[in-house]
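Note sheet for the following structure.
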Amino acid sequence: MLISKSTSCVQCGDDHLNQCFCVYSNGSYCFSCGYSTFNSKVSYSFKEKIEQFNSLYIPSNLVTNQKEFSLETNKWLTKYGIYSNLIKKYKIMYCPYDEFVTNSGIEFKGESLIFPVIENDNIHGYQRRFFPNKSYLSVGNINVAFIASNNSQTNNNTIILVEDFISCIRVSEVEDCLCLFGTKLKQEYIDSILSYKNIIIWLDGDKPGQESATKIFQKLCDIIKHRCKLNAYNSKSYNLKIITTKKDPKEYVSTELKHYINDDEANEKTITI
C-alpha cells in the first residue's frame, strides 16, 4: 500500500520536480534514480487488496525527469509535439537500455518509453515502446479505459478512438480521446464509449488500421441496435463516424486535427437508441 510520496529521495537528493520517491507498506522506491528497499522487483504495491496491482512489474531504473531522457526518445516525443507539460501530466517515463525474453519467447531490447494507464493515482498497467527498433510490450491491466481529456472542456459529448497513446494525447487537445492500445475494441471500453453522443473512429491510415476501423464501426452499430431493443422507451441518439487520413493522428497539428474532426465528408452514420 502506498503510504507517502515526496520530491526528496534519500539517494539522489531533493531537487525533483515531481514526487518521485514513494514509501509503501513493504518498502520504498525512487522512480528517478531507481533506489529501492524492496527485496524483489515485483514487490511494488500500488493499491491495497487488489492482487493484479501487487504483481505489476516495474523496471527498477525508470526515469521521470525529461532532462534525463535520451536524445533519441526526446527527439521522438518532440516530433509529435509532446513536451515537458504533457510528459508530466500523463506521467510518461523513460527506461535506459534493457533486454529480456518474455515467458512466451518474445525478445525485447533497447531503451524504451513507458506510457502508464493511471486511475485514481493507481497504475493499472502500461505500454512500453522500445527504441531504436519499434516494438511494443503491454504489462498489467490495460483493459481499463484510458481517456485523455482537455480539462478546459466541459460537457463534452464527443469521444475519438485512436490506436496509440501519443495520438490519444494529441487528439485530446481538441476532443476527449480513448486509446485502444492497438486496433481492437475491448469489451471493457464499451460503456465508457457509449457515455458519449458523438463517437469518432480515427485509426492509422494503413490497411490494418482501416480494416479495423470498419469492424469497430460495425461492432458499435450492432451493440447500439441491440441496446435499442432492450431500451425501446428510453431512446438516445448517437453519431458514429470514421476518419480516414494518410498520416497517423499524432502527426497533425491542432488546426489540422480540428479540420479532420469537423469534416462533414467523413463516413458518418446516426443511430438512435
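All residue numbers refer to positions in the sequence shown, counting from 1.
Side-chain atoms of Lys250 never come within 3.5 Å of backbone atoms of Ile169 as a donor-acceptor pair (strictly under, hydrogens ignored). For the pair Ser195 (side chain) and Ser192 (backbone), a donor-acceptor distance under 3.5 Å is present. Between the side chain of Asn65 and the backbone N or O of Lys67, at least one donor-acceptor pair lies under 3.5 Å. The backbone N or O of Tyr80 lies less than 3.5 Å from no partner atom in the side chain of Glu251, so there is not a single donor-acceptor pair. Although no hydrogens or angles enter the test, the distance criterion places no donor-acceptor pair under 3.5 Å between the side chain of Glu211 and the main chain of Pro208.
Placement of Ile223 and Tyr196 within a single hydrophobic cluster is found when ILVMFWY residues are connected by side-chain heavy-atom separations under 4.5 Å, directly or transitively. Ile106 and Phe100 fall within a single hydrophobic cluster, where Ile, Leu, Val, Met, Phe, Trp and Tyr are joined by side-chain heavy atoms under 4.5 Å apart, directly or via other members. Two different hydrophobic clusters hold Tyr83 and Ile92 under the rule that ILVMFWY side chains link at heavy-atom gaps under 4.5 Å. Placement of Leu194 and Tyr189 within a single hydrophobic cluster is found when ILVMFWY residues are connected by side-chain heavy-atom separations under 4.5 Å, directly or transitively. Tyr136 and Tyr90 are not part of a single hydrophobic cluster, where members link through side-chain heavy atoms under 4.5 Å apart.
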Show, in sequence, the C-alpha distance, side-chain angles and deciding distance for Ile193 and Leu185, and conclude whether the side chain to side chain contact (heavy atoms under 4.5 Å, CB included) test is met. CA-CA 10 Å; Ile193 293 171; Leu185 176 62; 3.5 Å; yes
Are Ser254 and Arg170 close enough, and set up right, to give a side chain to side chain contact (heavy atoms under 4.5 Å, CB included), and what steps lead you there? CA-CA 8 Å; Ser254 296; Arg170 289 298 322 288; 4.1 Å; yes
Mind running side chain to side chain contact (heavy atoms under 4.5 Å, CB included) on Glu173 and Lys258 for me, showing each step along the way? CA-CA 9 Å; Glu173 297 172 10; Lys258 292 178 182 178; over 6 Å; no
Could you walk me through whether Ile82 and Trp76 pass the side chain to side chain contact (heavy atoms under 4.5 Å, CB included) test, one step at a time? CA-CA 9 Å; Ile82 306 299; Trp76 184 82; over 6 Å; no
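Side chains of Glu72 and Pro132 form a contact here, defined as non-hydrogen atoms less than 4.5 Å apart. A 4.5 Å side-chain heavy-atom check between Tyr126 and Pro59 finds at least one atom pair inside the cut-off. The closest side-chain heavy-atom distance from Ile166 to Leu77 is below 4.5 Å. Looking only at side-chain heavy atoms (C-beta outward), Leu220 and Tyr238 stay at 4.5 Å or farther from each other. In this structure, Thr64 and Lys91 have side chains that are not in contact, with every pair of non-hydrogen atoms separated by 4.5 Å or more. You'll find the side chain of Leu180 reaches within 4.5 Å of the side chain of Ile216, heavy atoms only. Counting only heavy atoms from C-beta outward, the side chains of Cys95 and Leu62 approach each other to under 4.5 Å. In this structure the side chain of Glu119 never reaches within 4.5 angstrom of the side chain of Phe146, judged on heavy atoms.
Taking a 6.0 Å sphere around NZ of Lys184, one finds it holds 12 or fewer heavy atoms contributed by other residues, nucleotides or ligands. In this structure, Lys246 places its NZ atom where only 12 or fewer heavy-atom neighbours from other residues, nucleotides or ligands lie under 6.0 Å away.
Every ring pair (Phe, Tyr, Trp, His ring centres under 6.0 Å) that Phe115 has, sequence neighbours left out, goes to Phe165. Taking Phe69 as the reference, Tyr94 meet the ring pair (Phe, Tyr, Trp, His ring centres under 6.0 Å) condition, with sequence neighbours excluded. Under the rule for a ring pair (Phe, Tyr, Trp, His ring centres under 6.0 Å), Phe181 has no partner lying at least two apart in sequence or in another chain. Judged as a side chain to side chain contact (heavy atoms under 4.5 Å, CB included), and not counting sequence neighbours, the contacts of Asn198 are Asn157, Thr158, Asn239. For Arg128, the salt bridge (Lys or Arg N to Asp or Glu O under 4.0 Å) test picks out Asp98, with sequence neighbours left out. Scanning for side chain to side chain contact (heavy atoms under 4.5 Å, CB included) contacts around Ser135 gives Phe108, Phe130, with sequence neighbours left out.
Asp206 and Gly209 make their closest contact through OD1-N, 2.9 Å (heavy atoms, listed as atom of the first residue, atom of the second, distance). Cys177 and Val162 make their closest contact through SG-CG2, 3.5 Å (heavy atoms, listed as atom of the first residue, atom of the second, distance). The two atoms that bring Leu86 and Gly81 nearest to each other are CD1-O, 3.7 Å, heavy atoms only. Minimum heavy-atom separation, Asn150 to Ser172: CB-O, 3.3 Å. Between Val144 and Asn141, the shortest heavy-atom distance links the atoms CG2-ND2, 3.4 Å. Across all their heavy atoms, Lys197 and Ser237 have their closest contact at CG-O, 3.3 Å.
In this structure, CD1 on Ile242 lies 4.5 Å from OG1 on Thr214, to the nearest 0.5 angstrom. Between the CG atom of Leu71 and the NZ atom of Lys75 there is a distance of 7.0 Å, given to the nearest 0.5 Å. Within the model, atoms CG of Leu203 and OG of Ser167 stand 9.5 Å from one another, a figure rounded to the nearest 0.5 Å. Rounded to the nearest 0.5 Å, atoms CD1 (Ile200) and NZ (Lys241) are 4.5 Å apart. Here the CG-CG distance, from Asp204 to Asp248, works out to 3.5 Å after rounding to the nearest 0.5 Å. Atom OG of residue Ser84 and atom CG of residue Asn74 lie 10.0 Å apart, to the nearest 0.5 angstrom.
Between Arg227 and Asp191 a salt bridge is recorded (basic side-chain N to carboxylate O distance below 4.0 Å).
Tested against Leu178, the residues Val171, Ile199, Leu161 include a single side chain to side chain contact (heavy atoms under 4.5 Å, CB included) partner, Leu161.
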